[in-house]
Amino acid sequence: MKYTFVWLLIYFFYGCTSPNKNAIAIVNAPDIEKNIMSWLYYERDYMNWSADCIAFNEKDSLITKKEFLKQLVTGQYIPVRLKSKDSTIQYQLAIAHNAEVGNLIRNKAIVESHYDSMRGMSLPNFNFKTINGVIVGNNSTPRRTYAVNCWFIHCKSCVAEFSQLNELVDAYKNRPDIGFLGLAFDSADSIKAFLPNHTFKYTIIPNKEKYLMDTLQIIGFPTQLIVDSTGHIMNVYSNLNEMKAALKHL
């Protein structure tokens, strides 16, 4: 309801005109899709998939983020980041002419569309047993907002992020309202054998492969979630830096 109200306000403000007719692209569409590397650098520097945004279709009409992602899933468009006078994130759809880049965008948009659909839903069966047998979740006290990391031992990208995740735990050590959970595929015994050579300061929940793959349908690893103190998913992140930025506003 909150997001619907916000979009109604935006639509009322802009009316039926073309509010971005004088908008300026940060990077022009042909340069974005010049080749695969140009897209990857652009995505790294200018795409914030998890953030709320203002989006326009190729005809300059205002569209919702859901519709924006839906159009990107077709593989026929590229998202052009627009310059903004404030911190508002704005995109315009442009017709894709490079099929390889369009396919990369399509695959990414499929993931991000699914993650965006998870916002606001209750985290299913949120009562987990840690590798040490302690129960954490909806019935735990005190109630906390949790940063949740989805990972497994043999995921090199997951392990590579441990140092940054450990820094987060240290940075928020004086915030008892924020906790850190690591949901792992692996058994408690496997994780206990793994940890002496790989420091990970998150509270680890073992045996969650089926939960992550089937229940949450997490598509790539590592993936991060922020779950509020009522057990609802605030957002899902395929990019750690986006999750770290979001934590700063809690």
Side-chain angles (χ1 to χ4, degrees), residues 2-3 44 47-52 89 111-112 114-153 155-186 188 191 194-195 198-213 215-250:
K2 179 178 70 175
Y3 298 116
R44 180 196 65 187
M47 291 299 299
N48 188 330
W49 292 97
S50 63
D52 291 324
I89 295 174
V111 175
E112 297 299 335
H114 169 56
Y115 289 168
D116 187 67
S117 72
M118 295 170 65
R119 296 176 66 175
M121 68 176 276
S122 296
L123 187 67
N125 308 314
F126 186 23
N127 282 292
F128 302 142
K129 183 181 289 188
T130 72
I131 57 173
N132 297 316
V134 177
I135 301 298
V136 296
N138 281 333
N139 297 323
S140 303
T141 53
R143 302 294 288 272
R144 289 178 166 182
T145 293
Y146 285 99
V148 180
N149 175 249
C150 307
W151 71 287
F152 55 95
I153 286 174
C155 169
K156 292 182 179 180
S157 297
C158 301
V159 177
E161 286 188 348
F162 280 4
S163 60
Q164 293 186 68
L165 298 176
N166 291 337
E167 289 173 0
L168 277 180
V169 175
D170 293 338
Y172 289 88
K173 63 183 179 182
N174 295 322
R175 289 286 303 273
D177 58 317
I178 296 178
F180 296 88
L181 299 178
L183 305 188
F185 281 16
D186 314 277
I191 294 169
F194 170 81
L195 287 178
H198 303 85
T199 301
F200 192 23
K201 297 181 180 181
Y202 272 45
T203 298
I204 300 175
I205 313 298
N207 301 310
K208 287 300 175 186
E209 180 175 4
K210 185 174 179 61
Y211 179 82
L212 292 172
M213 297 297 291
T215 304
L216 292 185
Q217 297 181 12
I218 298 299
I219 299 173
F221 295 85
T223 289
Q224 322 289 332
L225 296 81
I226 296 180
V227 180
D228 69 19
S229 60
T230 67
H232 290 83
I233 297 172
M234 297 178 68
N235 215 334
V236 186
Y237 308 87
S238 57
N239 183 298
L240 177 58
N241 288 328
E242 292 177 19
M243 187 275 279
K244 289 165 67 175
L247 271 183
K248 291 180 179 180
H249 292 94
L250 297 181

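The shown structure was predicted, so the numbers you read here are calculated from the model rather than taken from an experiment.
With contacts defined as side-chain heavy-atom distances shorter than 4.5 Å, the pair Val159/His198 qualifies. Taking 4.5 Å as the limit, some side-chain heavy atom of Cys155 sits within range of a side-chain heavy atom of Pro222. Between Val236 and Asp116 the shortest side-chain heavy-atom distance does not fall below 4.5 Å. Under the 4.5 Å side-chain criterion, counting only non-hydrogen atoms from C-beta, Phe185 is not in contact with Trp151. Counting only heavy atoms from C-beta outward, the side chains of Asp177 and Thr145 never approach each other to under 4.5 Å. Contact check for Ile191 versus Phe200: no side-chain heavy atoms found under the 4.5 Å cut-off. Two residues are said to be in side-chain contact when any heavy atoms from C-beta on lie closer than 4.5 Å; Phe180 and Asn149 fail this criterion. By the 4.5 Å heavy-atom criterion applied to side chains, His232 and Met121 are not counted as neighbours.
Considering all non-hydrogen atoms of both residues, Ser117 and His114 come closest at OG-O, 2.5 Å. Tyr202 approaches Ala147 most closely through the heavy-atom pair CE2-O, 3.7 Å. Lys248 approaches Tyr172 most closely through the heavy-atom pair N-OH, 3.5 Å. Closest approach of Pro124 to Leu216, counting heavy atoms only: CD-CD2, 3.7 Å. Nearest approach of Arg144 to Ile178, heavy atoms of both residues: CD-C, 4.3 Å. Residues Arg143 and Thr230 approach most closely at NH2-CA, 3.7 Å, considering heavy atoms.
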Can you check side chain to side chain contact (heavy atoms under 4.5 Å, CB included) on Ile205 and Val136, steps first, answer last? CA-CA 9 Å; Ile205 313 298; Val136 296; 3.9 Å; yes
- [ ] I would like to know whether Phe221 and Ser157 meet side chain to side chain contact (heavy atoms under 4.5 Å, CB included); could you show each step before the answer?
- [x] CA-CA 7 Å; Phe221 295 85; Ser157 297; over 6 Å; no
With salt bridge (Lys or Arg N to Asp or Glu O under 4.0 Å) as the test, would you mind laying out the steps for Arg119 and Asp52 before giving the verdict?
CA-CA 11 Å; Arg119 296 176 66 175; Asp52 291 324; 3.0 Å; yes
**Item:** CA sep, side-chain torsions, deciding dist, call: Val227, Phe126, side chain to side chain contact (heavy atoms under 4.5 Å, CB included)
**Value:** CA-CA 10 Å; Val227 180; Phe126 186 23; 4.2 Å; yes
Given Lys208 and Phe128, is the side chain to side chain contact (heavy atoms under 4.5 Å, CB included) satisfied, shown in steps? CA-CA 9 Å; Lys208 287 300 175 186; Phe128 302 142; 3.7 Å; yes
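Listed for the Asp228 side chain is no donor-acceptor partner under 3.5 Å among the backbone atoms of Met234. Between the side chain of Asn166 and the backbone N or O of Thr199, at least one donor-acceptor pair lies under 3.5 Å.
The CD atom of Glu161 sits 8.0 Å away from the CE atom of Met243 when rounded to the nearest 0.5 Å. Interatomic distance, Leu168 CG to Lys173 NZ, rounded to the nearest 0.5 Å: 13.5 Å. Here the straight-line distance linking atom CG of Leu250 with atom CD1 of Ile226 works out to 5.5 Å at 0.5 Å rounding. If you take OG on Ser50 and CG on Asn241, they are separated by 10.5 Å, rounding to the nearest 0.5 Å. Separation of atoms CG (Leu247) and CD (Glu242) is listed at 12.5 Å; rounding is to 0.5 Å. The line from CG of Leu181 to CG of Leu183 is 6.5 Å long, rounded to the nearest 0.5 Å.
Looking at Glu112 and Ser238, their side chains do bring a donor and an acceptor atom within 3.5 Å of each other. Of the N and O atoms on the side chains of Gln164 and Lys244, at least one donor lies less than 3.5 Å from an acceptor on the other residue. In this model, a donor atom of one side chain and an acceptor atom of the other lie less than 3.5 Å apart for Tyr115 and Thr223. Side-chain atoms of Thr130 and Asn132 include no donor-acceptor pair closer than 3.5 Å.
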